[in-house]
Amino acid sequence: MQTGVGSCDLECFLLDKQVPRAAYYIPEFISEQEEEYLLRQVYNAPKPKWTQLSGRKLQNWGGLPHPRGMVLEKLPSWLQTYTEKISSLGAFGDYSANHVLVNEYKSGEGIMPHEDGPLYYPTVTTISLGSHIVLDFYLPVDRECLEDQQLGSKSEDQRHVFSLLLEPRSLLLLREDLYTRYLHGIRPVMCDTLSHTVANLAQCSASSEETLQRGTRVSLTIRYVPKVLKTSLFFGKGR
């Protein structure tokens with residue numbers, strides 16, 4: 001781990017003046033050699049691990065989150081190393097991450113604004129590999145917003161609050177209001193022109209007004225699923 005960050009100094013990476021609580025951005029969280037290793041492992045995974053979706057494809061590791069509970073599957077060692085490193089920062093309180101979603105975004109691909117939901121511990125961590133991405137944050141159109149006719153009628157662009165530049169090898173950690181009250185998404189574009197709406201430019205190597213061409217980005221989204229089931233119980237055995 002390049003930064004040598006520990007649980008005691010994670011707060012040093014809090015973007016406390018730029019954005020609502022709470023976002024932590026750690027540049028160069030892993031080395032270039034680690035990045036190459038992780039990308040190699042991702043693309044060496046068996047083809048059945050990939051699921052093709054509209055706008056991206058993904059791999060699911062650790063189990064399939066479900067309201068009834070997740071049947072826990074052992075993580076491969078190449079992912080376990082990084083779930084342990086992130087858990088050691090205190091990202092999930094006293095718990096250890098047990099689920100990893102691997103997403104591949106090619107240039108021009110993205111994901112609509114969304115929230116991660118209640119199946120997970122209310123913290124999400126993401127390691128970016130291969131290429132940058134700009135992650136956009138929005139006010140949600142929820143029941144409260146719909147009661148406010150002015151806010152409920154706003155377009156997606158009008159509900160945009162700020163963005164974060166996620167550079168290769170960086171770690172992003174989101175919790176508190178940014179996890180529970182805001183939506184986040186990735187616009188399906190081939191390049192990003194950085195502006196004042198990118199709140200963490202001071203922590204990045206890029207600068208305002210710079211245009212960055214997107215390549216293929218792979219993200220490791222590492223989370224903790226609190227509700228897990230024993231396999232025997234899931235299949236109705238062991239009563």
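What you see is a predicted model, and the numbers here were worked out from it, not measured in a lab.
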Say you draw a straight line from OG1 of Thr216 to CG of Leu129; how long is it, rounded to the nearest 0.5 Å? 12.0 Å
Is there a donor-acceptor pair closer than 3.5 Å between any side-chain N or O of Asn60 and the backbone N or O of Gly63? yes
Classify the ring geometry between Tyr224 and Phe92 as parallel (under 30°), tilted (30 to 60°) or perpendicular (over 60°). tilted
Within this structure, what is the CG-NE2 distance for the pair Asp136 and His160, rounded to the nearest 0.5 Å? 4.0 Å
Is there a path from Leu201 to Ile26 through hydrophobic residues (I, L, V, M, F, W, Y) whose side chains come within less than 4.5 Å of each other? no
Is Lys49 atom NZ crowded by more than 12 heavy atoms from other residues, nucleotides or ligands, each under 6.0 Å away? yes
Are any side-chain N or O atoms of Asn98 and backbone N or O atoms of Val225, one a donor and one an acceptor, separated by less than 3.5 Å? yes
Return yes if some donor-acceptor pair links the side-chain N/O of Arg175 with the main-chain N/O of Ala91 below 3.5 Å, else return no. yes
Verify the cluster assignment for Leu79 and Ile222: are they in a single hydrophobic cluster under the rule of side-chain heavy atoms below 4.5 Å apart? yes
Are the aromatic ring centres of Phe162 and Phe137 under 6.0 angstrom apart? yes
Rounded to the nearest 0.5 Å, the CD1 atom of Ile86 sits from the CZ atom of Phe29 at a distance of 5.0 Å
Polar contact flag, side-chain donor to acceptor under 3.5 angstrom, Thr193-Thr211: yes
Check each of Thr125, Asp116, Thr123, Thr126 against Arg223 using the side-chain hydrogen bond (donor to acceptor under 3.5 Å, both in side chains) test, and report the only one that passes. Asp116
Check for me, please, whether Leu139 and Met112 land in the same ILVMFWY cluster - side-chain distances under 4.5 Å, paths through other members count. no
Give a yes or no on whether the backbone of Ile133 and the side-chain of Asp192 come within a donor-acceptor separation of less than 3.5 Å. no
When rounded to the nearest 0.5 angstrom, what distance separates CE in Met190 from OG in Ser107? 3.5 Å
Could you tell me if Tyr179 and Glu115 have a donor-acceptor pair between their side chains, going purely by distance under 3.5 Å? no
Going by side-chain heavy atoms closer than 4.5 Å, which hydrophobic residues are tied to Leu101, directly or by a chain of links? Leu53, Leu58
Rounded to the nearest 0.5 Å, what separates atom CZ in Arg169 from atom CD in Glu36? 9.0 Å
Interatomic distance, Tyr105 atom OH to Ser128 atom OG [nearest 0.5 angstrom]: 10.0 Å
Check the hydrophobic clustering (I, L, V, M, F, W, Y; side-chain heavy atoms under 4.5 Å; chains of links allowed) and say if Tyr37 and Tyr43 are grouped together. yes
When you measure from the side chain of Lys227 to the backbone of Leu119, do you find a donor-acceptor pair of N or O atoms at a distance under 3.5 Å? no
Starting from Val124, can I reach Leu15 by hopping between I/L/V/M/F/W/Y residues whose side chains sit under 4.5 Å apart? yes
Salt bridge (charged side-chain N to carboxylate O under 4.0 Å, His left out) pairs touching residues 50-67, sequence neighbours excluded, are none
